[in-house]
**Q** 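My structure is below; once you've seen it, I'll send some questions.
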Protein chains: 2
Amino acid sequence: MGTESGSDLSPSLGNVLFDVWLAARATTALVDDAVRASGLNADEFAVYSVLAATDGMAPSDLARWMSAPATTVSSYIGRFTRRGHVRRVPNPEDGRSYLVQLTEAGRAAHLDAGRGFLPLLDEVTRRLGPDADEMHERLAVLHRILAGAADSSPEAGPPSEGHA
Amino acid sequence: MGTESGSDLSPSLGNVLFDVWLAARATTALVDDAVRASGLNADEFAVYSVLAATDGMAPSDLARWMSAPATTVSSYIGRFTRRGHVRRVPNPEDGRSYLVQLTEAGRAAHLDAGRGFLPLLDEVTRRLGPDADEMHERLAVLHRILAGAADSSPEAGPPSEGHA
DNA sequence: GGACGATACTGCGATCTCGCACTATCGTGA
DNA sequence: TCACGATAGTGCGAGATCGCAGTATCGTCC
């Protein structure tokens, strides 16, 4: 055991993977509370946010973006559609697919949730001080690495076979 | 619009909160795959890991640690107990509570899952290179800030009342 | 030592998540 | 142009998550 430093109240298990996991649980809980009044939860707010930032994404892109299984994304879209927050438009590049777009009502809901979210983000950013940018940078790096690991992982035995 | 940099394939929405969320989704997906064969999922593996590191935690501590509602932790414990992986021992400090301990079988399951997890962790750590420690440090800081924000947040209107 | 609000846990039920199996379309090769 | 494996999306069902409401115990103030 090398760095047994922490141990204040929270056994951190001291490895990057757990660190992100723990930080994200806290983040999600916080955001859940912050946007609750809008009727969205943290995950949904995230999805509304990408949709608001792009103008139409295919379900599979959404799935890749948020590292979620296709079925989960499928039910998200169903739910959002039922709410009238999202609309499906044909995907000119692929007939099996379609694009998901936020409707006006969807944008409104997103804005509404944003009203709860922004103060929280501001507070965290403020507390982070000048490190905020650095933090963003590092998380991006980590994310890229994780995406890389996802490809090279065994998963369910993809293409190659002669590695032994 | 200031920093519209990213945009390779992944609209990052460029703020710390989304960054962690995204990184964590990727992490969870990866770990889920890595430990699947052991019968655990990423979240469960994390819980087994703290339990293995401490020798007994109260449900409420567990809940605080992983930022989960009490009911969720409650059903975790029920599930783990049913698997024979966990045992409840009386909490000498509080009669309303108890301590959750990993049984031998629980430890075995954790080790088993670890066999899938460690290669992944190694790979990520290796790719992170010398930045790994720094990363850990920063995530710890962020986590601390988030924990702080959780207290000072409105939540459901805790103590004070005369603010309007 | 009793009253009483705060805190620890749990049963229940509504809703969400996601693996499996299936259909539709794409893209490549002959 | 047709065959065929790969890829996009979905219905379904099992199980997981978590809010609400309820019980037990604690701590504190009279």
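Bear in mind the structure is a predicted one, so any value in this text is a computation, not a measurement. Naming convention: chains lettered A, B, ... in sequence-line order (proteins, then strands); numbering from 1 in each chain.
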**Q** Which nucleotide in the list C:dG19, D:dC18, C:dT17 gets nearest to the side chain of B:Pro69?
**A** D:dC18
**Q** What does B:Thr72 touch in the nucleic acid at a heavy-atom separation under 4.0 angstrom: a base, only the sugar-phosphate, or nothing?
**A** base
**Q** Nearest-Å distance, CG (B:Leu62) to P (C:dT7)?
**A** 19 Å
**Q** For the helix from C:dG1-D:dC30 to C:dA30-D:dT1, how many degrees between its two end axes (five pairs per end), to the nearest 10°?
**A** 30°
**Q** To the nearest Å, give me how far apart CG (A:Asn41) and C1' (C:dT17) are.
**A** 12 Å
**Q** Can a side chain N or O of A:Arg79 be found less than 4.0 Å away from OP1 or OP2 on C:dT17?
**A** yes
**Q** Nearest heavy-atom pair of B:Leu40 and B:Ala113: which atoms, and what distance?
**A** CD1-CB, 3.9 Å
**Q** Regarding A:Ala58, tell me which of base, sugar-phosphate or nothing describes its non-hydrogen contacts under 4.0 Å with the strands shown.
**A** sugar-phosphate
**Q** Angle between ring planes, B:Tyr48 versus B:His85, binned at 30° and 60°: parallel, tilted or perpendicular?
**A** perpendicular
**Q** Using OP1 and OP2 only, check whether a side-chain N or O of B:Tyr98 sits under 4.0 Å from C:dT10.
**A** yes
**Q** Please state whether the phosphate of D:dC18, meaning OP1 or OP2, lies under 4.0 angstrom from any side-chain nitrogen or oxygen of B:Tyr76.
**A** no
**Q** Please tell me which of the listed nucleotides, C:dG19, D:dA8, C:dA8, lies nearest to the side chain of B:Arg36?
**A** C:dG19
**Q** Write down the distance between CZ (B:Arg25) and P (C:dC16), rounded to a whole number of angstrom.
**A** 15 Å
**Q** Base, sugar-phosphate alone, or nothing: which one does A:Asn91 contact when heavy atoms must sit under 4.0 Å apart?
**A** nothing
**Q** For residues B:Ala23 and A:Val20, report the shortest heavy-atom separation together with the two atoms involved.
**A** CB-CG1, 3.8 Å
**Q** Return the value, rounded to whole Å, for the distance between atom CG of A:Asp94 and atom C1' of D:dA8.
**A** 7 Å
**Q** Do the side chains of B:Phe80 and B:Val100 get nearer than 4.5 Å, heavy atoms only?
**A** no
**Q** For A:Pro92 versus A:Pro90, what's the shortest heavy-atom pair and its separation?
**A** CD-O, 3.3 Å
**Q** Report yes if some heavy atom in the side chain of B:Phe117 is under 4.5 Å from a heavy atom in the side chain of A:Asn15; otherwise report no.
**A** yes
**Q** Between atom CG in B:Leu40 and atom C1' in D:dA16, what is the gap in whole Å?
**A** 15 Å
**Q** Respond yes when some side-chain nitrogen or oxygen of A:Arg88 is under 4.0 Å from OP1 or OP2 of D:dT10, and no when none is.
**A** yes
**Q** For A:Asp122, does the CG atom have more than 12 heavy-atom neighbours from other residues, nucleotides or ligands under 6.0 Å away?
**A** yes
**Q** Once you round it to whole Å, what is the distance between P of D:dG15 and CD of B:Glu44?
**A** 13 Å
**Q** Does a nitrogen or oxygen in the side chain of B:Ser74 sit under 4.0 Å from OP1 or OP2 of C:dT10?
**A** yes
**Q** What's the closest nucleotide to the B:Ser75 side chain, out of D:dT10, C:dC18, D:dT17?
**A** D:dT17
**Q** Taking all atoms of both residues into account, what is the closest heavy-atom pair of A:Thr81 and A:Ile77, and its distance?
**A** OG1-O, 2.6 Å
**Q** Under 3.5 Å, which protein N or O atoms sit close to an N or O of nucleotides 22-24 of chain D? Give each pair with its distance.
**A**
none

**Q** Can you work out whether A:Ile77 or B:Ala68 has the more 5'-proximal nearest nucleotide on DNA chain D?
**A** A:Ile77
**Q** Can you see if the side chain of A:Ser97 gets near the phosphate of D:dT7 - specifically, an N or O under 4.0 Å from OP1 or OP2?
**A** no
**Q** Do you know the tightest heavy-atom contact between B:Ala42 and B:Val35?
**A** N-CG2, 4.2 Å
**Q** Please classify the nucleic acid contact of A:Thr71 as base, sugar-phosphate, or nothing, using heavy-atom distances under 4.0 Å.
**A** base
**Q** Find the distance B:Asp32:CG to C:dG19:P and express it as a whole number of Å.
**A** 8 Å
**Q** Measuring only between side-chain heavy atoms, which start at C-beta, is A:Met66 closer than 4.5 Å to A:Val47?
**A** yes
**Q** Looking at every heavy atom in both B:Leu120 and B:Ala34, which two are closest together, and how far apart are they?
**A** CD2-CB, 4.1 Å
**Q** Write down the distance between CG (B:Asp33) and P (C:dC18), rounded to a whole number of angstrom.
**A** 12 Å
